[in-house]
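All remarks here apply to the structure that follows.
Numbered from 1 within each chain, the chains take letters A, B, ... in sequence-line order.
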There are 2 protein chains.
Amino acid sequence: MQRNLTKDEKREQKLHVILSNAAKEFIERGYYKTSLDDIARMQNVTKPTLYYYIKNKEDILVKCEQITCGKINSLLDIVMARDISSLDMIQEFINEYIKIITDDVARCHVRHRGQMENKELAAKSIKNHKNIEFRVREIIRRGINDGSIRDCNSTILAILLFDSLNGLTSWYHSDGQVTLDELAEEIIALVTKGVSGR
Amino acid sequence: MQRNLTKDEKREQKLHVILSNAAKEFIERGYYKTSLDDIARMQNVTKPTLYYYIKNKEDILVKCEQITCGKINSLLDIVMARDISSLDMIQEFINEYIKIITDDVARCHVRHRGQMENKELAAKSIKNHKNIEFRVREIIRRGINDGSIRDCNSTILAILLFDSLNGLTSWYHSDGQVTLDELAEEIIALVTKGVSGR
DNA sequence: TAATTATGTTACTATATGGTAACAACATAT
DNA sequence: ATATGTTGTTACCATATAGTAACATAATTA
């Protein structure tokens, strides 16, 4: 048995359910094809009730983003603090990033990042991602300096890395044939060694 | 001076203008935020006029897809017919694919692929892409056999390759600092050699 | 020139849906 | 017990917009 939840914890929990359900639906049917009525129905409540937990429809995207970017930045904090080569940092990052990103809320964020109708929110969203990309670029740059990473365009590399990692969100499902570990291994091999035969 | 266009050529041309404009707007503002009235206004016509060129709004996505997939499949025909190693085929493919994909109509297709509301159209769209992916996988498989490509999971590799290439559509703009050739070079280096320092 | 077809327009309908106001019931704290 | 804040409801509005019908006109063909 779980101890009784406080009022705030309950609220938090309900918000999380709303976000998960909405995220899943946004991914499967699209943001505009999923109405607030649909989302409310999934919680067995009515639309106005949602407004106790979210400011408006777009706020769902914002909240998904906050949660996901929070996780990614924490991961970067941890990885960058470790006493390992930059190449190893990248590998470690890939390993954990995959785990973070294959979750409905994160998927939803990746798919809708920077697409808010509210210009300010959209700008903030893009900035959020750029910041994460910048931090990874920083690791790459250090790697080029310490020799663990081949001399290359760190900007392009960072982008390509994120494109392939984020691409996972649209095809990887945990119930498929490929496990997360296999996947991570394959990606890391590709990133480090490339595909060349000899 | 250009010779006079036939009726059908004119029609074709107008359709192309509609598709380009719509594609650009769908990318920038989103499919649902761009109304048919908006698109019509760009051509200085009214909404009903569009219906002489397209069946309905979704048909714009379908037509963008047909054009783009046509180009990609032709490219694959050419590349696969050449008498070069499979690794070289992949390199050649990347080189040309980048040129195809950095165009508004292709961008629009990439962004909206498989997202039609009409289930049949969506299924056909996914199939279209899967077929292209399959052909690239076939090149990879041959490459593993002939030794030009390292032993790896061809399915995952094909997907990752397309994810990073298609990712270009959301950040690469020809007016930026990176030229298409530099970009292709960097991607090919990454794919073949990876990033490892030594 | 007459007839037909392609291309365009104005005006409209049907429908969906984000958001809100007003009200109800419940839990909690004093 | 009573007051207060929280969480929920029903009913509604405003607005957007895909698609169509009916009509007008230009262009092409017979």
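Of the candidates C/dT7, D/dT9, D/dG19, the closest approach to any side-chain atom of A/Val45 belongs to D/dT9. Checking C/dG8, D/dA18, C/dA11 against the side-chain heavy atoms of B/Leu36 singles out D/dA18 as nearest. For A/Thr49, counting side-chain heavy atoms from C-beta on, the closest listed nucleotide (C/dA11, D/dT9, D/dG19) is D/dT9.
What separates CZ of B/Arg29 from C1' of D/dA16 is a distance of 13 Å, to the nearest Å. Atom NZ of A/Lys33 and atom P of C/dG18 are 10 Å apart (whole Å). Distance, B/Asn118 CG to D/dG19 P: 11 Å, rounded to whole Å. Residue B/Glu117 contributes atom CD, which lies 13 Å from atom C1' of D/dG19 at whole-angstrom precision. A/Lys14 has its NZ atom 14 Å from the P atom of D/dT6, to the nearest Å. A straight line from NZ of B/Lys47 to C1' of D/dT20 spans 10 Å, rounded to a whole angstrom. The nearest whole Å value for the distance from the CG atom in B/Leu50 to the P atom in C/dT9 is 9 Å. A/Arg41 places its CZ atom 11 Å from the P atom of C/dG18, with the value rounded to the nearest Å.
Between A/Tyr53 and the phosphate of D/dG8, there is a side-chain N or O to OP1/OP2 separation shorter than 4.0 Å. OP1 or OP2 of C/dT20 has not a single side-chain nitrogen or oxygen of A/Tyr51 nearer than 4.0 Å. OP1 or OP2 of C/dG8 has not a single side-chain nitrogen or oxygen of B/Thr46 nearer than 4.0 Å.
A 6.0 Å sphere centred on CD of A/Glu185 holds no more than 12 heavy atoms belonging to other residues, nucleotides or ligands.
Taking the six-membered ring for Trp and the full ring otherwise, B/Tyr31 and A/Tyr32 have centroids separated by 6.0 Å or more.
Taking all atoms of both residues into account, the shortest heavy-atom contact from B/Val62 to B/Leu121 is CG2-CD1, 4.0 Å.
A single hydrophobic cluster is not seen to contain both A/Ile27 and A/Ile39; linkage of ILVMFWY side chains at heavy-atom distances under 4.5 Å, directly or through other members, places them apart.
At least one cation-pi condition fails for B/Arg111 and B/Phe26: the charged atom is not both under 6.0 angstrom from the six-membered ring centre and inside a 45 degree cone around its axis.
Across all strands, A/Ser35 comes closer than 4.0 Å only to sugar-phosphate atoms, never to a base (heavy-atom distances).
Positionally, the nearest nucleotide of DNA chain C for A/Asp37 lies more toward the 5' end than for the other of A/Asp37 and A/Tyr52.
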